[in-house]
Amino acid sequence: MPNILFNLLKGSNLNVVTRFAPSPTGHLHIGGARTAIFNYLFAKKHSGKYLVRIEDTDKNRSSEEAIKAIHKGLNWLNVNSEHDVIYQSQNFNSHIKVAHELLEKGHAYKCYLNSDELEKLRKKSRENGIPIKSPWRNKKELYDNKNREFVIRLKMPSDGTTTIDDIVQGKVTVKNEILDDMVILRSDNTPTYMLSSVVDDNDMRITHVIRGDDHFNNAFRQIQIIKFLNWNIPYYAHIPLIHGTDGAKLSKRHGATSLFDYHDLGYTSDAMFSYLLQLGWTAKNYEVFCIDKAAKLFALENVSKSPAKFDIKKLNNINAKNLKSMKTSDIYKLVIDRFKLSLNNEEQKRFKSLLPELLKRVQVYTDLEFEFDWLFQKNFFCKDKNYQLILQKNNLMLKEIGSQLKACEWSVDNIKHILNQYIQDKSLTFKDIGPILRMALTGKTNSPDLISIIYELGCTITVNRLNYKY
RNA sequence: GGUCCCUUCGUCUAAUGGUUAGGACUCAGCCCUUUCACGGCUGCAAUAGGGGUUCGAAUCCCCUAGGGAUCACCA
């Protein structure tokens with residue numbers, strides 16, 4: 001197929017509508033987050049609509065907290081929908097109607113199997129490698145079944161094949177005989193996901209179903225409903241799952257799987273977005289770090305078919321780059337909010353000035369916390385016992401430098417001059433005084449440039465710290 | 001086990017029949033330097049295996065091996 005035609009078919013001439021459809025049974029998983037990103041980007045790329053639908057057909061497992069958590073995650077990632085959120089449970093009536101329509105048209109049947117019978121059938125099916133088809137498929141409804149519980153099962157076609165031309169996975173064909181007569185309406189008269197999802201997609205006029213590869217097998221089953229009803233078949237794009245370092249589907253034991261955990265750990269939304277996007281998608285070796293650019297370049301055809309392993313080191317690197325590229329005022333706000341810092345004017349100025357240098361030294365901004373004591377503590381002194389001994393020994397030197405600094409007019413140049421003059425007078429090198437000054441001022445052996453630290457700390461604080469009696 | 005999918009440096013990937021198989025992350029070394037970083041440079045490192053097709057294969061075909069997904073009145 002020529003590329004241009006292919007691209008037309010895959011979206012550029014349609015009024016593209018995509019949806020992210022999480023089930024509210026827990027936090028927003030990072031795999032789900034990536035699915036949301038792909039849906040969002042594809043819609044943006046084609047100037048289409050991106051919708052969010054909460055799949056709460058299983059009331060026992062759904063919760064309000066989970067719904068909130070999902071929105072919190074989507075908002076943080078900036079991939080929430082501009083349109084109203086759809087709750088699947090609110091469309092139950094329409095789903096039930098479709099189930100009965102299928103029943104009337106002979107595409108579905110009532111199955112009166114009890115749980116024991118079903119369990120036996122399931123076991124037998126598994127052993128023989130054949131799909132579940134209830135004996136009720138071919139039975140006429142009996143009079144004495146009127147009061148018995150039943151489910152409605154779809155009557156799958158038993159011969160022929162079904163082909164899906166998946167945008168990511170390619171053309172895949174399966175024999176219809178492997179399709180099971182899945183339940184579409186439960187015995188309590190509630191629809192299953194298999195039904196609801198298809199009906200809602202149709203009602204919402206979804207053109208592209210972009211979801212995790214774990215749904216690929218479902219597509220062959222769901223498409224039968226669409227065919228029975230003569231609805232439009234959407235384009236499918238089943239994106240590969242994210243794996244842990246051992247190659248298995250990402251789960252708790254691999255570390256944090258909740259998107260928002262990464263917020264808590266100090267990753268930025270942009271870094272997370274960028275990393276998740278690059279996990280399985282590439283714009284021809286061109287590293288994309290912003291959403292707008294990604295929206296212009298995104299194409300489902302470039303999504304990798306094979307699963308990608310989640311690599312925290314790469315995430316760290318992207319996050320570190322992102323921190324360095326952020327506007328100081330933005331990251332400043334982030335840190336102040338996170339740690340609920342209340343700083344006076346002088347401290348604010350000090351923090352903002354040193355922030356770019358401090359950020360070069362962390363991969364997640366929460367690590368900035370380790371700098372707070374020497375930056376803001378009123379009566380700061382070096383806590384390390386070994387360093388204290390060194391400071392005791394060099395008491396005189398610190399005092400001398402302190403008194404010279406006290407006397408000078410406070411400027412970067414003057415501070416530099418005083419220190420240089422001091423080492424010259426004593427025939428020392430900067431290495432002789434640098435580490436000691438650093439210990440006295442920060443309590444550590446590494447920090448940003450000493451001159452700027454002294455300058456930003458100001459005369460009073462610097463001199464106090466240099467004069468501290470260890 | 002049935003069905004389906006996948007397999008290029010340790011990781012994410014580029015190369016859609018002709019490249020010394022490229023980049024990024026990690027790691028190592030060097031440079032810069034008042035420390036730690038940042039930055040710059042260099043290096044280590046891959047086409048799962050076996051058969052075909054072809055003048056020529058990472059690329060097309062077949063087999064094998066490995067990995068994954070799924071098989072609910074969950075979604």
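Convention: sequence-line order gives letters A, B, ...; per-chain numbering from 1. Basis for what follows: all heavy atoms, side chains included, without hydrogens, waters or symmetry-related copies.
Residue A:Lys393 qualifies as open at atom NZ: its count of foreign heavy atoms under 6.0 Å is 12 or below.
Listed for the A:Trp410 side chain is a donor-acceptor partner under 3.5 Å among the backbone atoms of A:Tyr455. Checked by atom type and distance alone, the side chain of A:Arg137 pairs as donor or acceptor with a backbone atom of A:Met156 at under 3.5 Å. A donor-acceptor contact shorter than 3.5 Å links the side chain of A:Asn319 to the backbone of A:Gln363.
As rounded to the nearest Å, B:G23 and B:A14 have C1' atoms that lie 7 Å from one another. Spacing between B:U53 and B:C63 at atom C1', rounded to whole Å, works out to 15 Å. Between the C1' atoms of B:G43 and B:C9, the separation comes to 14 Å (whole Å). Taking atom C1' in both B:G29 and B:C44, the straight-line distance is 11 Å, to the nearest Å. Spacing of C1' atoms, B:C25 relative to B:G51, comes out at 36 Å, to the nearest Å. Going from the C1' atom of B:U16 to that of B:G10 covers 27 Å, rounded to whole Å. B:U8 and B:G66 have their C1' atoms separated by 16 Å, given to the nearest Å. Going from the P atom of B:A58 to that of B:G1 covers 32 Å, rounded to whole Å.
Checked against the 6.0 Å centroid criterion, the rings of A:Tyr236 and A:Phe216 do not qualify as a close aromatic pair. A:Phe376 has its ring centre less than 6.0 Å from the ring centre of A:Phe351. Between A:Tyr112 and A:Trp136, the gap from one ring centroid to the other is short of 6.0 Å. Aromatic ring centres of A:Tyr193 and A:His215: separated by under 6.0 Å. Separation of the A:His254 and A:Phe310 ring centroids does not fall under the 6.0 Å cut-off.
Atom CD of A:Gln363 is separated from atom P of B:C25 by 12 Å (rounded to the nearest Å). The separation between A:Gln222 atom CD and B:C4 atom P is 19 Å, rounded to whole Å. Regarding A:Lys314, its NZ atom lies at a distance of 16 Å from the P atom of B:G10, rounded to whole Å. Summarising the geometry, the separation between CE on A:Met194 and C1' on B:A75 is reported as 8 Å, rounded to the nearest angstrom. Distance CG (A:Asp311) to C1' (B:G10): 9 Å, rounded to an integer number of Å. Separating the CD atom of A:Glu357 from the C1' atom of B:G39 is a distance of 12 Å, rounded to the nearest angstrom. In this structure, the NZ atom of A:Lys309 is 17 Å from the P atom of B:C6, given to the nearest Å. To the nearest angstrom, P of B:U26 lies 12 Å from CG of A:Leu315.
Among the heavy atoms of the strands lying under 4.0 Å from A:Gly280 are primed sugar atoms or P, OP1, OP2 only; no base atom is included. Within 4.0 Å (heavy atoms only), A:Met182 reaches no atom of the nucleic acid at all. Using a 4.0 Å heavy-atom distance criterion, A:Leu450 is classed as a base contact. In this structure, A:Gly434 reaches neither bases nor backbone, as no heavy-atom distance under 4.0 Å exists between it and the strands shown. Using a 4.0 Å heavy-atom cutoff across all strands shown, A:Thr57 reaches sugar-phosphate atoms only and no base atom. The residue A:Lys175 sits apart from the nucleic acid: no heavy atom pair falls under 4.0 Å.
Put simply, A:Lys305 has no side-chain N or O that comes within less than 4.0 Å of OP1 or OP2 on B:C5. In this model, the phosphate group of B:G39 is approached by a side-chain N or O of A:Lys324 to a distance below 4.0 Å at OP1 or OP2.
Across all strands shown, the partner of B:C30 is B:G40, judged by Watson-Crick or G-U wobble contacts whose two distances both fall under 3.5 Å. Pair assignment for B:A58: none, as no Watson-Crick or G-U wobble contacts are both less than 3.5 Å. Base pairing of B:G66 is made with B:C6, judged by Watson-Crick or G-U wobble geometry with both donor-acceptor distances under 3.5 Å. Summarising the base pairing, B:A24 is matched to B:U11 through a Watson-Crick or G-U wobble pair whose two defining distances lie under 3.5 Å. Pairing for B:A72 is absent, with no Watson-Crick or G-U wobble pair whose two atom distances lie under 3.5 Å.
The glycosidic torsion of B:C38 lies within 90° of 0, placing the base in the syn range.
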Where do N or O atoms of nucleotides 63-73 of chain B meet protein N or O atoms at under 3.5 Å, pair by pair?
{"from": "B:G68", "atom 1": "O2'", "to": "A:His243", "atom 2": "NE2", "distance (Å)": "3.3"}
{"from": "B:U70", "atom 1": "OP1", "to": "A:Lys249", "atom 2": "NZ", "distance (Å)": "3.2"}
{"from": "B:U70", "atom 1": "O4'", "to": "A:Asn217", "atom 2": "ND2", "distance (Å)": "3.4"}
{"from": "B:C71", "atom 1": "N3", "to": "A:Arg126", "atom 2": "NH2", "distance (Å)": "3.3"}
{"from": "B:C71", "atom 1": "N4", "to": "A:Arg126", "atom 2": "NH2", "distance (Å)": "3.2"}
{"from": "B:A72", "atom 1": "O4'", "to": "A:Arg122", "atom 2": "NH1", "distance (Å)": "3.4"}
{"from": "B:C73", "atom 1": "OP1", "to": "A:Arg122", "atom 2": "NH1", "distance (Å)": "2.7"}
{"from": "B:C73", "atom 1": "O2", "to": "A:Ser187", "atom 2": "N", "distance (Å)": "3.0"}
{"from": "B:C73", "atom 1": "O2", "to": "A:Ser187", "atom 2": "OG", "distance (Å)": "2.9"}
{"from": "B:C73", "atom 1": "N3", "to": "A:Ser187", "atom 2": "OG", "distance (Å)": "2.9"}

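Minimum atom distance to the side chain of A:Ala308 is reached by B:C12, of the listed B:A75, B:C12, B:C36. Nearest nucleotide to the A:Ile178 side chain, out of B:U11, B:U26, B:U3: B:U3. In this structure, of B:C38, B:U13, B:C25, it is B:U13 that holds the atom nearest to the side chain of A:Ser304. Closest to the side chain of A:Lys321, out of B:A24, B:A75, B:A37, is B:A24. Each of B:U35, B:C5, B:U13 was ranked by its minimum atom distance to the side chain of A:Val172; first place goes to B:C5.
Projected onto RNA chain B by closest heavy-atom contact, A:Ala21 and A:Lys171 fall at different nucleotides, the more 5' of which corresponds to A:Lys171. Along RNA chain B, the nucleotide nearest A:Asn446 and the nucleotide nearest A:Phe310 are compared for position; the residue whose nucleotide lies closer to the 5' end is A:Phe310.
Annotation: cation-pi pair A:Lys383/A:Phe381 present, NZ/CZ under 6.0 Å from the ring centroid and within 45° of its normal.
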